[in-house]
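Position 1 is the first residue of the sequence; numbering continues from there.
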Amino acid sequence: MFYAKPLVFTPQGQDQLVFLASSQNWIRTLNAKTGQLLNSRQVQKPFLQSDIGCTDIPNTIGIIGTPVIDPATEIAYFYAKTYISNYRSVGNTGVFNGVYYFYAVDINTLQDVNGFPILVDGVPADNDPRKYFIGATVLQRPSLIQINNFVYAGFGGHCDLYNYTGTVLGVDIVQKKVITNWAVASGPNSRFSTTWQTNGAGGQGGIWQSGMGLSSDGQRFFVATGNGQGGENQGIPASGQSGCRTLGEAVINLGVDSSTGKISLIDYFQPYDYVNMDGGDQDFGSGGVSLLDPTVFRGTGVGRLAVTTGKNGKIYIMNADNLGGYKQGPGQTDLVVQEIITNRAVFGGIGSYPLEGGYIYSTPVGYPTSVYKLGFNGGGAPVFTLVGATTETSAGRVGPGIPTITTYKGQVGTAILWSTDPDAGLRAWYAVPNADGTMKRINLPQVGGNNKFQRPVFGDTRLYVTDANGVFYCLGSPVNLPLNCSSPVSFGNVVLGSESVVTINCTALIDIASIDSVAVGDAYFEVNATSLPKGRVASGSSFSFPVTWNLSNVTVKNAVNASYGNITPGIKSTALTIGTTNAIPGYSTSFPISLTGTEVSRNAFLNLAPLTVDFGGLVFGVPGGSLSSTLSFTIANLGSAPMTILGYSYTKDGVGDSSIVFTNSTNNAGTWDLGLGFTSDSLPAVGSVLKAGQSLSVPTTFSAVNGTGSYLSYFYVWSNGGSRNMILEGSASTAPKANFSISTSEGGWLPDSNLLMDFGSAAPGDTLTRQIRICNEGGSVLKISKSKPPLGDIRTLHYNQDLAEELEIPVNTCAYGTVVFNPSPEPPNVPDYTETNQWTLNTDDQKFGVHVVQIQGVVHDRVVGPTFSNGIPQFLYLGCYMDNAAGYRLLPNEAYTDPANNTNGECQAVCLARGYAFAGTEYMQECWCGNKLPSGTYYYPESDKRCTFQCPGDGTQACGGNGGSGTLL
């Protein structure tokens with residue numbers, strides 16, 4: 001399985017390659033063009049998920065964080081989790097024998113660089129020497145980052161189990177040693193214990209970021225942390241430079257000493273309601289920190305913007321040079337540039353696109369990808385406004401990846417938005433929304449559902465991505481194209497009401513039998529098919545044809561209820577595709593050409609975005625919850641002449657109603673009325689003039705002034721550039737209320753306080769089921785905020801689907817999770833033993849709390865051979881042993897040979913009758929007896945599967961195995 005993203009790299013003087021690292025600790029390089037395997041190697045045996053008990057990453061935990069490649073030295077760096085036998089506990093495996101090694105390998109050979117790997121264990125924290133790095137209880141999840149000669153990595157926990165502290169480790173790759181260990185929670189107010197089994201005893205504050213990398217813009221980097229235990233900030237406001245030492249649920253700016261590589265706290269932001277977030281498992285650290293391009297994303301008083309988001313359904317736009325501290329904002333709220341409340345959880349972070357005005361993208365779990373455009377308020381401060389969303393929704397479970405945006409050589413009109421999804425696989429859209437807020441989908445070859453939090457990576461005309469089954473995909477432009485045509489083709493500025501003609505020049509790269517078709521995605525771009533060559537086109541010959549962007553018959557009138565599709569001023573793009581019949585096989589029969597241009601209006605042109613401002617639902621009765629919500633919309637003049645605001649109004653009547661009753665918006669002490677429940681302090685005054693191309697962001701507040709229920713307003717803006725309307729909508733309800741119960745074997749349900757699921761007794765191979773039920777008895781949607789289901793013989797029936805994290809349970813509805821007890825097959829006469837597991841659950845019902853369901857069942861084996869009067873077998877299974885290895889028989893007395901009917905029960909009965917304590921079968925037909933317990937030296941673990949010969953009298957039993965192996969009882 002691949003949790004680390006693929007990396008594309010071109011070594012000096014060689015072909016481009018792809019570097020893969022897996023959770024099994026395998027590393028591989030492939031030729032990026034052909035897919036040929038170049039090198040592969042398993043660096044260590046992986047750590048077993050079954051040892052830690054957390055099922056976020058199933059089966060094996062090896063290389064999870066994405067490596068980093070140093071292009072100067074062509075060395076790849078990464079962390080691999082494995083074991084050291086008998087390190088902190090007896091045995092070859094086990095939680096506390098788990099360790100991390102820091103690797104450096106030559107990307108061309110995959111061989112270790114001299115002086116590596118480095119065991120990173122036992123290193124004390126720079127900011128709290130009591131705390132030292134224990135690889136056993138932590139997970140290296142975020143992508144690594146290299147700053148000069150130092151490589152840094154973040155560490156968090158496994159499902160918040162065990163004693164751990166969020167940590168950043170730094171390695172000097174020249175000195176080949178760990179040079180810094182910075183703990184998220186430190187000092188006397190942080191939790192501390194030397195008992196490693198105690199959950200939360202280290203203060204938590206894990207750095208995991210759904211695999212997103214640490215973000216840097218020089219000699220500093222930013223991380224986001226998760227749930228914490230204990231905190232210095234307990235209500236009293238504190239600046240970001242106050243030196244807070246308990247930084248769970250925070251964005252942290254860490255400075256790098258350029259000479260030593262040591263890191264230290266520069267600044268931080270901790271939401272004012274972080275304690276409530278801890279209580280509801282609304283992990284702030286589920287999304288990393290995105291640093292936006294400072295040449296575009298800036299404004300009055302803000303030179304650099306940083307963005308983060310998480311499970312609490314908020315997007316925080318921060319000043320990267322002054323993050324905001326704790327309770328530094330109005331009314332002791334958050335001092336951030338902007339807070340966008342979506343009530344939709346995000347894992348992985350925010351994508352951005354700096355061209356065409358600047359956009360950011362967010363993909364919440366179970367919702368469409370939302371697009372926000374950069375704008376500015378009246379004072380010039382940056383404000384983001386929702387301007388579009390995809391029609392398609394992401395999977396309703398944890399796993400959608402980080403939105404990724406690419407362009408063709410940085411040219412406007414060529415941006416593509418990419419997204420990975422655990423259900424739908426890879427998706428793509430044109431990155432800039434249409435005027436109506438819709439996103440145009442780009443059809444792609446189907447790939448399997450992607451693993452959690454993946455993102456595509458890109459090479460020379462190719463895209464690479466992995467799916468949840470460990471399959472590696474390559475998509476890209478066809479290698480063999482029949483034509484070479486000028487692309488992209490720019491029409492420049494075209495005034496609405498006119499047209500522009502551009503000539504496209506093409507050269508045939510092979511002999512083409514015929515040009516069959518030409519298709520354009522936008523009907524306003526016209527191609528005369530008669531201008532294309534007729535018949536055969538010889539290799540090397542050239543031809544040209546005109547394309548007309550015909551806006552001459554477009555009526556430039558922006559009026560109420562008018563709809564002009566995409567005919568609004570701004571950048572437009574579409575694809576033109578030439579179809580061919582080729583004289584030579586093996587070449588593509590279609591050739592795409594990108595057409596771009598900018599529609600321009602000579603007059604003023606009013607535009608509002610988005611068409612709908614959906615404030616979502618306010619929830620009453622949630623501790624720390626807000627009874628209002630603020631979002632922004634944009635008033636823009638897309639024309640070439642000044643635009644004057646003539647007035648504002650609102651109505652409840654739909655735009656298609658025969659008679660609409662308008663109410664003029666009024667300004668009362670600086671606050672505009674936009675309809676019942678909707679207000680704004682930032683509408684430009686009537687008579688204000690917007691210059692050509694100017695836009696204003698208007699923060700708008702929704703308050704449930706009439707209590708619970710739905711709120712709606714059709715809001716209108718009137719200007720000399722036309723009039724437009726938009727929908728303002730929101731709702732309010734009471735808080736969700738979770739009711740929890742476990743099913744019984746009779747089909748009933750246990751009381752809410754019972755957290756024990758007891759299957760009773762089951763035989764190997766049996767399958768028993770029970771259910772966990774969570775019902776929503778409240779007034780708003782209930783969300784599962786934490787779910788760590790069991791794996792193994794006791795497991796969920798539908799892993800990561802039943803009661804999955806971020807599952808939403810509607811009002812008066814129940815959700816179910818089925819647990820299966822399915823003991824693995826085993827030899828007869830194994831003594832009864834108890835299997836245990838657990839399922840950790842929480843919801844956003846603030847009164848629910850973490851529920852740890854303890855699950856148990858007794859495995860009762862079948863009995864063969866003689867028994868006591870109470871039914872207990874007189875012989876117990878000892879295992880599979882190598883016989884005659886020391887030159888003598890482990891059981892020296894042969895009782896019989898029975899090639900037709902031999903079983904272990906028959907052998908036991910004969911040995912017992914002859915007074916022996918031990919019995920054993922070999923080679924299917926032999927029975928041996930003895931009175932001396934065999935030495936464990938000759939024991940084979942069951943996993944070796946050495947005793948596999950079927951007994952002639954019962955094919956479900958094993959009577960010995962190959963090479964002298966014997967079944968002993």
Measuring from [X]:[atom1] to [Y]:[atom2], what's the distance to the nearest 0.5 Å?
| X | Y | atom1 | atom2 | value |
| --- | --- | --- | --- | --- |
| Glu339 | Thr309 | CD | OG1 | 10.5 Å |
| Gln454 | Lys5 | CD | NZ | 5.5 Å |
| Ile578 | Ile593 | CD1 | CD1 | 4.0 Å |
| Lys691 | Asn637 | NZ | CG | 11.0 Å |
| Ile504 | Cys485 | CD1 | SG | 7.5 Å |
| Ser697 | Phe376 | OG | CZ | 8.0 Å |

Can you name the closest pair of heavy atoms from [X] and [Y] and give their distance?
| X | Y | result |
| --- | --- | --- |
| Phe347 | Ser210 | CB-OG, 3.3 Å |
| Glu499 | Ser552 | OE1-OG, 4.0 Å |
| Gly616 | Phe702 | O-CE2, 4.4 Å |
| Gly459 | Gln16 | CA-OE1, 3.4 Å |
| Gln209 | Gly213 | NE2-O, 3.3 Å |
| Pro533 | Ile515 | O-CB, 4.2 Å |

Would you check if the side chain of [X] reaches a backbone N or O of [Y] as a donor-acceptor pair within less than 3.5 Å?
| X | Y | result |
| --- | --- | --- |
| Thr701 | Ser680 | no |
| Glu729 | Val613 | no |
| Asp293 | Phe297 | no |
| Thr342 | Arg344 | yes |
| Asn469 | Val471 | no |
| Ser286 | Lys311 | yes |
| Ser713 | Leu728 | no |
| Ser143 | Met212 | no |
| Gln338 | Phe384 | yes |
| Ser695 | Gly375 | no |

Any donor-acceptor pair under 3.5 Å linking the side-chain atoms of [Y] with those of [X]?
| X | Y | answer |
| --- | --- | --- |
| Thr612 | Asp614 | no |
| Asn505 | Ser544 | yes |
| Ser710 | Ser731 | no |
| Asn528 | Thr530 | yes |
| Glu356 | Tyr353 | yes |

Would you call [X] and [Y] a side-chain contact if the rule is heavy atoms closer than 4.5 Å?
| X | Y | result |
| --- | --- | --- |
| Phe633 | Pro610 | yes |
| Val412 | Thr596 | no |
| Pro456 | Thr420 | yes |
| Phe591 | Thr580 | no |
| Tyr524 | Asn550 | no |
| Pro382 | Leu374 | yes |
| Pro403 | Ser362 | no |
| Leu576 | Thr574 | no |

Going through the distances and angles, do Tyr716 and Thr651 end up as a side-chain contact (heavy atoms from CB on, under 4.5 Å)? CA-CA 8 Å; Tyr716 286 73; Thr651 180; 3.8 Å; yes
Residue of the set Leu509, Ile512, Thr507 for which side-chain contact (heavy atoms from CB on, under 4.5 Å) holds with Leu483: Ile512
Tell me which one of Thr407, Leu355, Thr406 satisfies side-chain contact (heavy atoms from CB on, under 4.5 Å) with Thr414. Thr407
How are the rings of Phe525 and Trp549 set to each other: parallel, tilted or perpendicular (split at 30° and 60°)? parallel
Given Leu417 and Met439, is the side-chain contact (heavy atoms from CB on, under 4.5 Å) satisfied, shown in steps? CA-CA 10 Å; Leu417 164 66; Met439 302 286 288; 4.0 Å; yes
Less than 3.5 Å apart, which donor and acceptor atoms pair up between the side chains of residues 444-453 and the rest of the protein, not counting sequence neighbours?
unit_1, atom_1, unit_2, atom_2, d
Gln446, NE2, Ala424, O, 3.0
Asn450, OD1, Asp421, N, 3.2
Asn450, OD1, Leu426, N, 3.4
Asn450, ND2, Thr466, O, 3.0
Asn451, ND2, Phe2, O, 3.0
Lys452, NZ, Asp56, O, 2.8

Salt bridge (charged side-chain N to carboxylate O under 4.0 Å, His left out) contacts touching residues 391-400 (sequence neighbours left out): Glu392-Arg441, Arg397-Asp423
Using side-chain contact (heavy atoms from CB on, under 4.5 Å), reason through Tyr372 and Leu386 one step at a time and then give a plain yes or no. CA-CA 4 Å; Tyr372 301 85; Leu386 179 69; 3.8 Å; yes
Start with the C-alpha gap between Phe615 and Phe678, add the side-chain angles, then the distance that decides, and say whether ring pair (Phe, Tyr, Trp, His ring centres under 6.0 Å) holds. CA-CA 10 Å; Phe615 291 87; Phe678 304 99; 5.6 Å; yes
side-chain hydrogen bond (donor to acceptor under 3.5 Å, both in side chains) test vs Thr363 passes for just one of Thr390, Thr369, Thr393, namely Thr369
Going through the distances and angles, do Tyr714 and Ile660 end up as a side-chain contact (heavy atoms from CB on, under 4.5 Å)? CA-CA 11 Å; Tyr714 296 98; Ile660 300 177; over 6 Å; no
